[in-house]
Protein chains: 2
Amino acid sequence: MKTEKISELTTSRLSLYLRCLDELASEGVERISSKAMAEQFALHSAQIRKDLAYFGEFGVRGVGYSVSDLREQLRQILGLNTDRNVAIVGAGNLGIALATYGGFNSNGFRMVAIFDSDPNKIGTKTRDGLCVQDARELSDCIQREKIDIVVFAVPAAAAEKLLDQVTAAGIKAVLNFAPVRLPPKPGVKIKHVDFAISLESLSYFLAQPNSSGQTTTGMGADFRDLLRNGK
Amino acid sequence: MKTEKISELTTSRLSLYLRCLDELASEGVERISSKAMAEQFALHSAQIRKDLAYFGEFGVRGVGYSVSDLREQLRQILGLNTDRNVAIVGAGNLGIALATYGGFNSNGFRMVAIFDSDPNKIGTKTRDGLCVQDARELSDCIQREKIDIVVFAVPAAAAEKLLDQVTAAGIKAVLNFAPVRLPPKPGVKIKHVDFAISLESLSYFLAQPNSSGQTTTGMGADFRDLLRNGK
DNA sequence: AATTGTGAATTCCTTCACAGCC
DNA sequence: GGCTGTGAAGGAATTCACAATT
């Protein structure tokens, strides 16, 4: 276990590896080599070994990794053995979709509450029975319900003030869907999901005269790409 | 204008710069320096100048950049002066949300159609009147409606086959929300949006004993982070 | 024989620093 | 004086290549 700072590229890849291991486990596979895993992701086996080596020596030379052991280690490293309470702010299309979207209610993430400031939305219920609460109750709720992560599904103009509010309430982790860069706050991790940038990136690709050559930089840049997010 | 290969980090930042310029334009600002823009994004002014320099000399030494000129240049570079037809596959919560989400119907992106294979969903309408079509008609529709970009809002298990189908129909750009890495196809650009990885990345941060030190690597890695996506 | 863990080499990206221009 | 554009330096991330281990 090293003490170096670990890059977010590495930790994001750990999520991928874990997903792969989950699948292998469900197929009953017991051992896996870095090479075999690397093939699934079109990345290099040394990359996987290096990523894992930051956290310990989980493999056996000449043999590979135990699927169940490594899986447990990664869950530990990623903090997935602890439940995390998640709240969404913004009950527009996106907020409701995220609330209802199953993907957030798994792996220890619990969608606990959704907020909006629009009186017409307050009191309505999502299909799975989550009631839209008044945004003015957000700070209280964060403390009462022990919210760990707040998801911003609000307009760009509202995001910065909202960030002040939730950090004041003690929130350390934010997933931001608003198309705006938020100013860094000490001790607060913000991940950005920016659909517009993704679409425009595709648009750029389509606008290239040689939109026929794959982004095949060996495989690195191509893949590295997956993982950056933000600020 | 260089002929070097341009990194996706660069093009993604162009999207950010454009967004910034849009705002400046709407405020009536006419000129901007790389330094002033850099401050908005907590990144380095040389970075902005380098990014732009790949495509031309848009600035004036001693003066800065003309907001409206640079804006037009970036729209050109990103291919945003051409309309792009977008289709969604998967009319579950996420697909419907994406269809209704305003963000996709702007900047020249037009949400044209949504598909599903579930007979109970086919024929239903989204709130803005888009009718869910039978997924079997997807290939036809891609050609008839000149779809440029297909958004995957399907389960992981369905994504790979779907990719084969849309690439066979001539699609060159895919925005994938399914939590699975897709195998590279020559000449096809795939961007991944992976909520699970984002959440787990926040979980990792929360699990760190020293979850108090900001990710402040100067500002580089911190920000660079924003932009990678995928494969 | 196979596969890990890792220093060294490489490639890629960012920042510095300054010449050149308004 | 101020700001761009860019070569050179510096830093990060990836890949190579091999010793160590079973």
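Order of the sequence lines sets the chain letters (A, B, ...), proteins ahead of strands, with each chain counted from 1.
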In whole angstrom, what separates [X]'s [atom1] from [N]'s [atom2]?
{"X": "A/Glu8", "N": "D/dT14", "atom1": "CD", "atom2": "P", "value": "13 Å"}
{"X": "B/His44", "N": "D/dG10", "atom1": "NE2", "atom2": "C1'", "value": "12 Å"}
{"X": "A/Ile48", "N": "C/dT6", "atom1": "CD1", "atom2": "C1'", "value": "16 Å"}
{"X": "B/Phe58", "N": "D/dG5", "atom1": "CZ", "atom2": "P", "value": "9 Å"}
{"X": "B/Lys35", "N": "D/dT4", "atom1": "NZ", "atom2": "P", "value": "10 Å"}
{"X": "B/Met37", "N": "D/dT4", "atom1": "CE", "atom2": "P", "value": "8 Å"}
{"X": "A/Asp69", "N": "C/dT4", "atom1": "CG", "atom2": "C1'", "value": "15 Å"}
{"X": "A/Ile32", "N": "C/dA2", "atom1": "CD1", "atom2": "P", "value": "16 Å"}

Taking the minimum atom-to-atom distance to the side chain of [X], which one of [options] wins?
{"X": "A/Ser7", "options": "D/dC3, C/dC13, D/dA13", "answer": "D/dA13"}
{"X": "B/Arg13", "options": "D/dT14, D/dT15, C/dT14", "answer": "C/dT14"}
{"X": "A/Arg61", "options": "C/dT4, C/dT6, C/dC16", "answer": "C/dT4"}
{"X": "B/Val60", "options": "C/dT3, C/dT14, C/dC22", "answer": "C/dC22"}
{"X": "B/Ser33", "options": "D/dC3, C/dT4, D/dT14", "answer": "D/dC3"}

If the cut-off is 4.0 Å, is [X] near the phosphate of [N], judged by side-chain N/O to OP1 or OP2?
{"X": "B/Arg31", "N": "D/dG2", "answer": "no"}
{"X": "B/Gln47", "N": "C/dC13", "answer": "no"}
{"X": "A/Tyr65", "N": "C/dG5", "answer": "yes"}
{"X": "A/Ser34", "N": "C/dT3", "answer": "no"}

- Message: Regarding B/Ser45, tell me which of base, sugar-phosphate or nothing describes its non-hydrogen contacts under 4.0 Å with the strands shown.
- Response: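 No contact.
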
- Task: Considering non-hydrogen atoms only, spot the tightest contact between A/Ser12 and B/Ser201 and give its length.
- Result: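 Taking A/Ser12 first and B/Ser201 second, the nearest heavy atoms are OG-OG, 4.4 Å.
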
- Is there a donor-acceptor contact under 3.5 Å linking the side chains of A/Asn107 and A/Arg84?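 No, no side-chain donor-acceptor contact under 3.5 Å.
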
- Message: Quick check: on DNA chain D, is the nucleotide nearest A/Asp51 upstream (toward 5') of the one nearest A/Val63, or the reverse? Name the residue that is more 5'.
- Response: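 The residue whose closest nucleotide sits nearer the 5' end is A/Asp51.
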
- Message: Using only modelled atom types and a 3.5 angstrom limit, is any donor from either the side chain of B/Arg49 or the base of D/dG5 paired with an acceptor on the other?
- Response: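 A donor-acceptor contact between them is present.
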
- When only distance counts, do a donor and an acceptor, one from the side chain of B/Lys50 and one from the base of C/dT15, lie under 3.5 Å apart?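 Under the 3.5 Å cut-off, the side chain and the base do form a donor-acceptor pair.
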
- Item | Pair A/Tyr65-A/Tyr17, ring pair (Phe, Tyr, Trp, His ring centres under 6.0 Å): steps then yes or no | CA-CA 12 Å; A/Tyr65 301 88; A/Tyr17 306 156; 9.5 Å; no

- Query: Does the distance from a Lys or Arg side-chain N to an Asp or Glu carboxylate O, for B/Lys172 and B/Asp148, drop under 4.0 Å?
  - Reply: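 No salt bridge links B/Lys172 with B/Asp148.
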
- Query: side-chain contact (heavy atoms from CB on, under 4.5 Å) with B/Leu74: which of B/Leu80, B/Asp22, B/Leu52?
  - Reply: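 Between B/Leu74 and the candidates, side-chain contact (heavy atoms from CB on, under 4.5 Å) is satisfied uniquely by B/Leu52.
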
- Task: Ignoring hydrogens and angles, tell me if any N or O in the side chain of A/Asn85 forms a donor-acceptor pair with the backbone of A/Lys146 under 3.5 Å.
- Result: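 Checking the backbone N and O of A/Lys146 against the side chain of A/Asn85, a donor-acceptor pair under 3.5 Å is found.
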
